[in-house]
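Each ligand, and each atom within it, is numbered from 1 in the order the structure gives. Index from 1, following the sequence.
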Amino acid sequence: MSTPDVRIVPDAPQPGQRPGHWEVAVESLAAGFHGELLRPGDAGYDDARRIWNGMIDRKPGLIARCVDAADVARAVTFAREHSLLVSVRGGDHNAAGNAVCDGGLMVDLAPMKGIVVDPAARTARVEPGVRWAELDAATQRHGLATTGGTVSDTGVAGLTLGGGLGWLAGRYGLTCDNLLAADVVTANGRLVRASAAAHPDLFWGLRGGSGNFGVVTAFELQLHPVGPTVFAGMVAHPLERAADVLRFYRDFASAAPDEVNTACAFMTTPDGVRVVAIAACHCGSVEDGARALAPLKAFGPPVLDQVGPMPYLLFQGALDGAFPRGRRYYWKSAVVPAIPDDMVARTVEQFAAVPSPLTILLFQQVGNAANRVAPDATAFPHRDARWDALVLSGWEDPAEDAAQIAWSRQVWESWRPFSTGVYVNGVADGDAAEVRAAYGARYDRLAALKAKYDPTNLFRVNANIPPRA
Ligand SMILES: Cc1cc2nc3c(=O)[nH]c(=O)nc-3n(C[C@H](O)[C@H](O)[C@H](O)COP(=O)(O)OP(=O)(O)OC[C@H]3O[C@@H](n4cnc5c(N)ncnc54)[C@H](O)[C@@H]3O)c2cc1C
């Protein structure tokens with residue numbers, strides 16, 4: 001990511017020093033700010049700059065902990081007027097660490113936790129600091145849900161703006177397909193509403209264009225009847241059968257009805273056993289779910305079978321333990337239209353040399369309904385991809401960083417011949433080729449949209465699309 005015109009924010013004055021120009025500017029921002037402004041050394045500063053990926057250790061010059069859209073508008077205007085690098089933090093789960101920047105202004109949306117569910121209209125208005133556990137709990141009170149991330153700690157904001165893969169996507173599409181409207185503070189500091197009727201070009205770009213076009217201060221999402229009990233869970237097979245299991249999984253997922261969404265993981269259990277696990281969720285009736293997932297329970301048979309009726313909320317948190325906050329992570333994505341036998345073989349071969357028991361190779365199904373959305377309807381470009389193949393590397397020791405990252409890239413390279421692109425929420429390095437692969441055929445239209453809504457590229461700590469007229 002290029003940062004040539006970044007002004008590094010000076011440290012706060014020492015006790016006894018007179019405030020300089022910068023201090024006066026921050027004081028004037030503070031005067032109208034409803035939330036909290038944090039600088040290095042302030043209580044709470046280190047907590048606020050820490051994100052999910054423990055490998056990311058960046059120190060913003062100023063953190064604006066916004067509590068409302070007015071705060072966001074003030075922070076954005078302040079950053080633009082002072083030529084500051086800006087990062088935007090929603091749920092802080094972006095593995096590349098785009099929520100936080102060095103030396104600039106972090107617009108921290110974590111305090112914005114409002115959720116209003118309209119059960120009659122089956123919609124939810126959601127502020128950008130909300131995580132999936134919070135939104136799911138609020139909507140399930142009414143027997144409703146929308147497609148959400150498969151780890152409950154992930155933020156609604158970044159996930160939605162990048163697309164949003166989840167257990168309900170086979171039936172209800174991606175999260176971004178369920179976005180009805182968004183309130184956005186654009187680079188000029190104005191709050192606009194984007195929907196099919198208002199700023200439709202911006203609304204198109206927000207559904208897959210990630211954080212390039214402004215700071216979303218509220219999302220309006222379509223909800224659907226789900227649960228509260230679904231037929232879901234995980235089966236596991238010994239690694240010796242890995243190739244058979246992945247081939248079975250591929251065929252099972254390809255033929256599954258819309259209500260079913262799935263994932264397949266090469267992983268190591270907490271007691272050190274390498275397995276291939278298949279997780280699936282049927283979001284219709286429990287009876288239909290039992291029928292649809294019967295082949296999953298019969299194949300093998302599995303050494304572990306936890307598939308059965310369970311609360312949707314419980315399943316939404318079932319994978320949380322595998323991805324704790326603060327561990328070191330490096331993730332890489334390759335979307336694929338199919339999992340041919342050659343890819344099966346390469347995956348089995350690569351996992352045999354996995355350098356960390358905390359690392360997972362995952363195939364996350366995109367989902368039937370998500371695949372049926374017209375290619376140009378949203379900025380999300382991968383409508384013909386059936387899976388996101390993910391290298392989810394995790395480890396604890398900083399001395400291993402280089403080796404773990406090198407191995408992850410090697411696996412990803414071995415998958416490239418089968419891949420048609422990169423899921424933007426899995427962009428790891430942010431180089432031009434990876435970013436182009438993330439936006440695919442939508443890139444040029446997005447670059448023109450960027451020129452309209454953010455001509456100076458204020459929002460560039462992301463999978464960045466430089467503006468182009
Ligand atoms: C454990 C784990 C599980 C995951 N599971 C899934 C999954 O099942 N499905 C899936 O699709 N993805 C999944 N992801 C990927 C996830 O979608 C991305 O990491 C996403 O970026 C997370 O959003 P966030 O708000 O938590 O992250 P952040 O790091 O806060 O933000 C991510 C990006 O979005 C921008 N952004 C955040 N909020 C706003 C806003 N309000 N306005 C404008 N820009 C904003 C940020 O600047 C940044 O560039 C997972 C990630 C993790 C770590």
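In terms of heavy-atom proximity, I51 sits nearest to G97 at CD1-CA, 3.5 Å.
The shortest N or O to N or O distance between T150 and ligand 1 is under 3.5 Å. Not a single N or O atom of V156, backbone or side chain, sits closer than 3.5 Å to an N or O atom of ligand 1. An N or O contact shorter than 3.5 Å links N94 to ligand 1 by distance. Between Y423 and ligand 1, at least one pair of N/O atoms sits closer than 3.5 Å. Distances between N or O atoms of Q364 and those of ligand 1 include at least one value under 3.5 Å. Close N/O approach between D92 and ligand 1 is found [any backbone or side-chain N/O within under 3.5 Å]. Not a single N or O atom of A95, backbone or side chain, sits closer than 3.5 Å to an N or O atom of ligand 1. Residue G149 has no nitrogen or oxygen atom sitting less than 3.5 Å from a nitrogen or oxygen atom of ligand 1, judged on distance alone. Every N/O-N/O distance between P128 and ligand 1 stays at or above 3.5 Å. Inclusion of F219 in the set of residues having an N or O under 3.5 Å from an N or O of ligand 1 is not warranted.
When hydrogens are left out, the protein atom nearest atom 19 (O) of ligand 1 is H93 O, 3.1 Å; that is the closest non-hydrogen contact. Nearest protein heavy-atom neighbour of atom 25 (O) of ligand 1: G91 N, 2.8 Å. Atom 41 (N) of ligand 1 has its closest protein heavy atom at V216 O, 2.9 Å. Of the protein's non-hydrogen atoms, the one nearest atom 7 (C) of ligand 1 is L165 O, 3.4 Å. Closest to atom 39 (C) of ligand 1, if we only count protein heavy atoms, is V88 CG1, 3.7 Å. Looking only at heavy atoms of the protein, atom 37 (C) of ligand 1 is closest to G90 N, 3.7 Å. Residue, atom and distance of the protein heavy atom nearest to atom 51 (C) of ligand 1 are W331 CZ3, 3.5 Å. Distance from atom 10 (C) of ligand 1 to its nearest protein heavy atom, with residue and atom name: L159 CD1, 3.3 Å.
Taking every heavy atom of L109 and a limit of under 4.0 angstrom, the matching atoms of ligand 1 come to 40 (C), 41 (N). Below 4.0 Å from some heavy atom of R89 lie the following atoms of ligand 1, by number and element: 30 (O). Remark: ligand 1 atoms within the under-4.0 Å shell around heavy atoms of F323 are 1 (C). For ligand 1, the atoms closer than 4.0 angstrom to any heavy atom of V215 are 42 (N), 43 (C). The A157 neighbourhood of ligand 1 comprises atoms 38 (N), 39 (C), 41 (N), with distances under 4.0 Å to a heavy atom of that residue. Against a heavy-atom cut-off of under 4.0 Å, N98 is close to the following atoms of ligand 1: 48 (C), 49 (O). The distance from ligand 1 to the heavy atoms of V151 drops below 4.0 Å at these ligand atoms: 1 (C), 3 (C). Close approach to G214 involves these atoms of ligand 1, each under 4.0 Å from a residue heavy atom: 42 (N), 43 (C).
The pair R372-D258 counts as a salt bridge, with a side-chain nitrogen and a carboxylate oxygen less than 4.0 angstrom apart. Ion pairing of R125 with D183 is present here, as a side-chain N (NZ or NE/NH1/NH2) and a carboxylate O approach within less than 4.0 Å. Note on R327 versus E396: salt bridge recorded, some NZ/NE/NH1/NH2 to OD/OE distance being below 4.0 Å. Of the charged side-chain nitrogens involved, none lies within less than 4.0 Å of a carboxylate oxygen, so that D92 and R49 do not count as a salt-bridged pair. The pair D102-K59 does not meet the salt-bridge criterion, since no charged nitrogen lies less than 4.0 angstrom from a carboxylate oxygen. Of the charged side-chain nitrogens involved, none lies within less than 4.0 Å of a carboxylate oxygen, so that E134 and R131 do not count as a salt-bridged pair. Under 4.0 Å is where a charged nitrogen must lie from a carboxylate oxygen, and between D153 and R325 at least one such pair does.
Ring planes of F380 and H382: perpendicular class, angle over 60° (limits at 30 and 60°).
For F363 and W415, the ring centers sit closer than 6.0 Å to each other. Here the two rings, on Y172 and H224, have centers that are under 6.0 Å apart. Aromatic pair F78/H82: ring centres closer than 6.0 Å. Note: W387 and Y423 fail the aromatic proximity criterion, with ring centroids not under 6.0 Å apart. Checked against the 6.0 Å centroid criterion, the rings of Y312 and W167 do not qualify as a close aromatic pair.
With a 4.5 Å cut-off on side-chain heavy atoms, R65 and L37 do not count as touching. The shortest side-chain heavy-atom distance between E434 and K332 falls under the 4.5 Å cut-off. Between L304 and V235, the closest side-chain pair of non-hydrogen atoms is not below 4.5 Å.
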Please report the C-alpha distance between W52 and Y329 in whole Å, then the side-chain angles of each, then the deciding distance to 0.1 Å, and finally whether the ring-ring contact (aromatic ring centres under 6.0 Å, His included) criterion is met. CA-CA 9 Å; W52 168 80; Y329 295 102; 3.9 Å; yes
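Contacts with ligand 1 closer than 4.0 Å are made by no heavy atom of R131, backbone or side chain. Residue-level proximity to ligand 1 for V184 is absent, since no heavy atom of it falls below 4.0 angstrom.
For atom 14 (N) of ligand 1, the nearest non-hydrogen atom from the set L174, I51, T154 belongs to T154. Atom 15 (C) of ligand 1 has its nearest heavy-atom neighbour, among N464, N425, I56, in N425.
Under a 4.0 Å heavy-atom criterion, G164 is in contact with ligand 1. Distances from ligand 1 to the non-hydrogen atoms of V461 include at least one value under 4.0 Å.
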